[in-house]
K.L.:
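First the structure, then my questions, so here it is.
In this chain, numbering begins with 1 at the start of the sequence shown. When a ligand or atom number is given, it counts from 1 through the structure's own listing order.
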Amino acid sequence: MNVFATEAGTDLYEHATTLGKAHIASMFKQNPNRFEDFSYSLPGLMLDLSKQRITSETLNLLCALAREKQLDQWINDLLTGEKINESENRPALHTALRTPADQTLEVDGVNIIGQVHENLARMERLVNQIHAGQWLGCTGDPIDTIVNIGVGGSDLGPFMACKALGEFTTTNSRDIELHFVSSMDGSHISSLLDKLDPTRTLFVISSKSFTTIDTLANAETAKEWLKRAYQYEGTDEALILARHFIGVSATPQRMIDWGIPENNHLYFWDWTGGRYSMWSTIGLPIALRIGMQGFREMLAGAHVMDSHFRDTPFERNVPVLLALTGIWNINFLGITAHAILPYDGRLSHLPSYLEQLEMESNGKNTTRSHELVGYNTCPVLWGEIGTNAQHAFYQLLHQGTIPVMCDFITCAVRYEGPNNTDLKRQHQLNLSNCLAQSQILALGDTVIEGADKAPAYKRYRGNQPCTTLLLDKLTPHTFGMLIALYEHKVFVQSVIWNINPFDQWGVELGKTIATGLLPALTGEADNPSLDSSTRGLIHHINTKR
Ligand code: F6P
């Protein structure tokens, strides 16, 4: 099955036979207006594709390919709640979570926008209560420490956003200490609990399914810690659960079964994919960090991107163009590694967020009609704060043997205000590094004279395609735009590849097998049918205990 065996696909293969050999540096020489030709602006955000190995013809052919794949129809189906997550028989409606209250969208006869805003209002009451110091622990002390327990989509989005938007705290949210616990092995929670005051700590158990063992194991440890702390005061478990636990889930009954009373529930819906859920009540930590107004600004920014995605011709559509240049790199230039390089320490968790968003969505080898794909899909994605990565893996980007496409993400303005001279200078230094690196990666050492006379080990071959995403400033609004941009990019690529980006069957088997191995590790049962490696490792572990 080859989705590129079409007219536009064939033209693109043909086009790649010539352009595949071209060097980005010579493309800049041939066309001094590349920046004007290949950069796209929206209020607050700009996408520069001029350092990609593309010409106008490339983009025309890629847009033709998108039309062949009926991308318009798919975008419409996504936004209107068609059941495009076929293997789970449901829509993927994360865009509804940021749709303004005056709009409607019916799913199975229910206006879900109304429901979304009711839930936001419920979350707002809770956030205000905590910020006002009115949520009291068992001893009557106000809660001032929140621990979010979740993993994957129930952790990465809020964790990233709280780090990115930390400076947008409000007067009330400033006094709240926020922690994130996700690791199954207990490393996060064990080191944290020693430092916390149980009388002032509230645990938010975030899990769409409320069955994820990582989260439930950490939640259980937290509950036992509180029970031990309160034991001598004779506080009963129901009170501990009512005062010190909030549940956020799409499965209310499981929260009740675990012991969280209904008053402490926040809901979302099965049509919100885990990795698309930070816009829902899973975003509670974000709202606790930056206040509800900030949270709503983030939603509004994402909605601006949704509208742009829906209404703009492919030729100027920022998520579509970002996706299509990725398709060009992956499927026509053979590039299967993708580095995410934020030049902004506040975006330090963006790479791990995008690892899940992109690789859990599009890391698939079967089409929507269950055939094996005959082409590459999602590349390997990784990243790090750009300037830190310069001192770590940039050696490979510059002089290694594999082609890598790179996203540079930064903001033009930072540290406004009169007393920030030193920090402003640091920001400029950071920007000069961001621009220098993308320049060398794309153009190679042609950027300095006489480089061709240097020995091979000092040469920089360049020709690594680079994208720059430049925010005017990092605010809740532009941050919302940025994340929605990547969500839509992932969707567009899934349409071209004819795969379902909203399921994740590849993570299931590991859960089943791990459950089966547990008795052998606890010594409750032997499993002679295991392969010799797994059996040998279990034996070795057990002899060490
Ligand atoms: O195992 C993968 C996964 O299902 C992700 O898709 C999801 O984001 C994560 O686990 C957490 O799931 P839940 O929110 O149901 O605990």
Side-chain angles (χ1 to χ4, degrees), residues 84-94 97 119 123 147-162 180-186 188-189 203-223 245-260 265-286 349-364 378 381 483 486-487 490-491 494 499-516:
I84 56 174
N85 179 357
E86 290 130 353
S87 71
E88 295 175 327
N89 191 31
R90 57 196 184 211
L93 270 169
H94 42 285
L97 299 166
N119 273 268
M123 179 162 102
V147 181
N148 188 78
I149 298 181
V151 72
S154 300
D155 167 68
L156 291 168
F159 193 25
M160 164 189 68
C162 288
F180 288 86
V181 161
S182 59
S183 79
M184 182 195 273
D185 69 337
H188 292 166
I189 197 158
F203 294 93
V204 177
I205 314 300
S206 295
S207 175
K208 179 179 175 184
S209 60
F210 230 79
T211 58
T212 304
I213 192 68
D214 323 42
T215 299
L216 294 182
N218 279 316
E220 209 56 50
T221 299
K223 184 162 59 172
F245 286 91
I246 287 175
V248 187
S249 182
T251 51
Q253 188 54 48
R254 294 209 185 104
M255 292 196 274
I256 291 173
D257 296 346
W258 195 82
I260 300 178
H265 290 187
L266 286 175
Y267 306 110
F268 63 112
W269 302 270
D270 70 352
W271 45 255
T272 308
R275 53 193 173 274
Y276 299 86
S277 66
M278 62 174 243
W279 322 98
S280 73
T281 48
I282 285 287
L284 174 66
I286 311 173
H349 298 337
L350 179 66
S352 48
Y353 174 81
L354 291 181
E355 282 164 16
Q356 187 198 16
L357 179 67
E358 300 232 10
M359 295 199 278
E360 200 175 65
S361 296
N362 282 343
K364 298 185 180 155
C378 189
L381 207 105
I483 303 305
Y486 272 103
E487 285 180 348
V490 166
F491 179 67
S494 80
I499 56 182
N500 177 0
F502 299 118
D503 59 11
Q504 54 284 319
W505 295 102
V507 302
E508 292 308 323
L509 185 58
K511 298 176 188 172
T512 313
I513 301 293
T515 309

K.L.:
Between the candidates Arg275, Lys208, Glu360, Lys511, which shows the shortest non-hydrogen contact distance to atom 5 (C) of ligand 1?
P.N.:
Glu360

K.L.:
Could you tell me if any non-hydrogen atom of Glu508 lies under 4.0 Å from any atom of ligand 1?
P.N.:
no

K.L.:
Please report which non-hydrogen protein atom sits nearest to atom 9 (C) of ligand 1, along with the residue it belongs to and the distance in Å to one decimal place.
P.N.:
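Protein heavy atom with the smallest distance to atom 9 (C) of ligand 1: Val151 O, 3.7 Å.
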
K.L.:
Between Arg275, Gln504, Glu487, which is the residue that forms a side-chain hydrogen bond (donor to acceptor under 3.5 Å, both in side chains) with Ser361?
P.N.:
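When Arg275, Gln504, Glu487 are each tested with Ser361, the side-chain hydrogen bond (donor to acceptor under 3.5 Å, both in side chains) holds only for Arg275.
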
K.L.:
Determine, considering heavy atoms only, which of Ser154, Gly510, Ser207, Gly153 sits nearest to atom 8 (O) of ligand 1.
P.N.:
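It is Gly153 that holds the nearest heavy atom.
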
K.L.:
Parallel, tilted or perpendicular: which describes the rings of Trp269 and Trp271, with under 30° parallel and over 60° perpendicular?
P.N.:
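Aromatic pair Trp269/Trp271 classed parallel.
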
K.L.:
Quick one: nearest non-hydrogen protein atom to atom 15 (O) of ligand 1, plus distance?
P.N.:
Ser209 OG, 2.6 Å

K.L.:
Indicate whether the side chain of Asn362 and that of Ser494 have a donor and an acceptor atom separated by less than 3.5 Å.
P.N.:
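No donor-acceptor contact under 3.5 Å links the two side chains.
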
K.L.:
With a cut-off of 3.5 Å and sequence neighbours excluded, list every side-chain donor-acceptor pair involving residues 147-158.
P.N.:
from   : atom 1 : to     : atom 2 : distance (Å)
Asn148 : OD1    : Ser206 : OG     : 2.9
Asn148 : ND2    : Ser154 : O      : 3.3

K.L.:
Would Gln356 count as being in polar contact with ligand 1, using the rule that some N or O on each side must be under 3.5 angstrom apart?
P.N.:
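There is such a contact, yes.
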
K.L.:
Can the ring centres of Phe502 and Tyr276 be said to be less than 6.0 Å apart?
P.N.:
yes

K.L.:
Going through the checks in order, is the side-chain contact (heavy atoms from CB on, under 4.5 Å) test met by Trp505 and Glu88?
P.N.:
CA-CA 10 Å; Trp505 295 102; Glu88 295 175 327; 4.1 Å; yes

K.L.:
Closest non-hydrogen protein atom to atom 12 (O) of ligand 1, residue and atom name please, with distance?
P.N.:
Thr212 OG1, 3.4 Å

K.L.:
Flag Ser206 as yes when one of its N or O atoms lies below 3.5 Å from any N or O atom of ligand 1, and as no otherwise.
P.N.:
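Such a contact does not occur with ligand 1.
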
